2 protein chains.
Amino acid sequence: MRVSAADRREQLIAAAWRVMTREGVAATTTRRIVDEAGMPLGAFHYCFRSKDELVQELIRRNVAEELAAARAGLVPGADVRQALQGSLSALWAKLCADRDRQLVINELTALSLRDPTMTALPEWKYEQYLAGVAEFLTAIAEGSTVTWDLPVPVAARLLLAVLVGSVDIWMVTGDRAAGLRTLEVFSGQLALMCQATDESAPEQMKVETR
Amino acid sequence: MRVSAADRREQLIAAAWRVMTREGVAATTTRRIVDEAGMPLGAFHYCFRSKDELVQELIRRNVAEELAAARAGLVPGADVRQALQGSLSALWAKLCADRDRQLVINELTALSLRDPTMTALPEWKYEQYLAGVAEFLTAIAEGSTVTWDLPVPVAARLLLAVLVGSVDIWMVTGDRAAGLRTLEVFSGQLALMCQATDESAPEQMKVETR
DNA sequence: AAGAGTCTTGGTCAAATGACCAACTTGTGT
DNA sequence: ACACAAGTTGGTCATTTGACCAAGACTCTT
């Protein structure tokens, strides 16, 4: 049966991802990949100039998937606290659903940071994350007619740090419930950092913040 | 000149660490290590049963160093906010001082999580971190005669997540100032989560927490 | 049916790597 | 001085890995 090179590329990328999640990035050799895909070894370099080319393409898609999933999980609501807590716990469930995936993401990021030609990918990823979270926070504020006490980009970075750090800790300890608790507590904390917007009078109400 | 096997072990571990920071964990082969240490190849397996033995010993020491440095940086003070902000910014400066070190730590953790015989090390590390941060928070509360509004272990996990996440983001984006800002904002936020302890009357003051 | 372009396949190569070893040297205690 | 333990060294081996290639097979157009 004949298959187009483009189709084989897809199959090889999918097979490589499976091997990576199952056995780790370091163990993902060209031979293991073609084995997993059920192809002869020669097929690999017919479809890809090099192993690096496959890996980079794989990373590119994975980052895009990650971002899409995260964005889909962040939905604003009427109440600030509800929106934060609901979105974060939904996102948490999604992240915890596949530990191997998170392990691979970590390994690939570490790899990218060592190769000067690939550092742009994780950089772009975090830029997108920060922009997405900022957008989310802005939408929440608008939906609930409140104003954030601190600059949105700063709040976004803090929220992203909590999220990334929680995943990191969970990957090692495996304590999913504790991570969820962390996010809930943080949601409550962040929800306090805004005030009702007074639309009629541009002067903001003075509120004791300490 | 004759050198004891124990001394050579030290030298090899030190050389391996230098190679790892400079060229990455993956590029740290036995030959690169002995080269860096200025020894003949044969010396390696005279001092270590295997490369794994060296790596595990290296990780063990590195984790111990990390913990010691972190504990040294966390010093309680009179004011809750001051203590948090001061300690975290000092710690931040220490962490940001050596990016390559953080890269290696990440790579080694990723490695440990794939090897069932090594997962105990990062687990122990985070346990120690959590215990250390909890101790720090308790000391702050006692020093300032305040009581935390939330369980100390929960607060500790949140603080650790913020720290770990900030390092993660900084490693990729390189924006040290933004990370510092994140920690400062979080310090202010966390400092609000406690109330003055009323020692004469065990009954705590009722405060609206929303 | 002829031919060109695309795909298929197993074999092969050079480099790198962890591990091992046998012969040799040095120091030390008796 | 002798012997025994400890340290030193360069060479060698089997395996793994990414890459390459030449010869053949299939398919579509003309």
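This is a predicted model, so every value here is computed, not measured. By convention in this document, chain letters (A, B, ...) are assigned in the order of the sequence lines, proteins followed by strands, and residues within each chain are numbered from 1.
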- request: For each nucleotide in nucleotides 25-30 of chain D, reading 5' to 3', give B when a protein heavy atom comes within less than 4.0 Å of its base, S when such contact involves only the sugar-phosphate, and - otherwise.
  value: BBS---
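Look at B:Arg61 and B:Glu10 and you find a salt bridge, because one of the NZ, NE, NH1 or NH2 atoms lies within 4.0 Å of a carboxylate O, short of that distance.
Closest heavy-atom contact between A:Met193 and A:Gln189: CG-O, 3.6 Å. Contact record, B:Tyr126 with A:Thr173: CB-CG2, 4.2 Å, taken as the closest heavy-atom pair.
Here salt bridge (Lys or Arg N to Asp or Glu O under 4.0 Å) pairs that include residues 11-26 of chain A, with residues two or more places apart or in two chains, are A:Arg18-A:Glu36, A:Arg22-A:Glu36, A:Glu23-A:Arg32.
The separation between B:Leu54 atom CG and C:dT17 atom C1' is 15 Å, rounded to whole Å. Whole-Å rounding puts the A:Asp52 CG to D:dT17 P distance at 16 Å. Taking atom NZ of residue B:Lys51 and atom P of nucleotide C:dC20, one finds them 15 Å apart after rounding to whole Å. Spacing between atom CD1 of B:Ile33 and atom P of C:dA19 amounts to 11 Å, rounded to whole angstrom units.
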query: How far apart are the C-alpha atoms of B:Arg101 and B:Glu65, what are their side-chain angles, what is the distance that settles it, and do they pass the salt bridge (charged side-chain N to carboxylate O under 4.0 Å, His left out) test?
result: CA-CA 12 Å; B:Arg101 181 190 182 93; B:Glu65 264 181 46; 3.3 Å; yes
- request: Report the C-alpha separation of B:Asp115 and B:Thr117 in whole Å, then their side-chain angles, then the decisive distance to 0.1 Å, and conclude whether the side chain to side chain donor-acceptor pair (under 3.5 Å) test is met.
  value: CA-CA 5 Å; B:Asp115 183 343; B:Thr117 72; 2.9 Å; yes
Candidate pair A:Arg99 and A:Thr21, rule side chain to side chain donor-acceptor pair (under 3.5 Å), full reasoning: CA-CA 9 Å; A:Arg99 195 182 101 114; A:Thr21 52; over 6 Å; no
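By the 6.0 Å contact criterion, CD on B:Gln82 is open, its count of non-hydrogen atoms from other residues, nucleotides or ligands being 12 or less.
The residue among A:Ala6 and B:His45 whose nearest nucleotide of DNA chain C lies closer to the 5′ end is A:Ala6.
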Check the interface with nucleotides 9-13 of chain D: list each N/O to N/O pair with the protein under 3.5 Å, or write none.
none

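A close approach under 4.0 Å does not occur between any side-chain nitrogen or oxygen of A:Thr30 and OP1 or OP2 of D:dT17.
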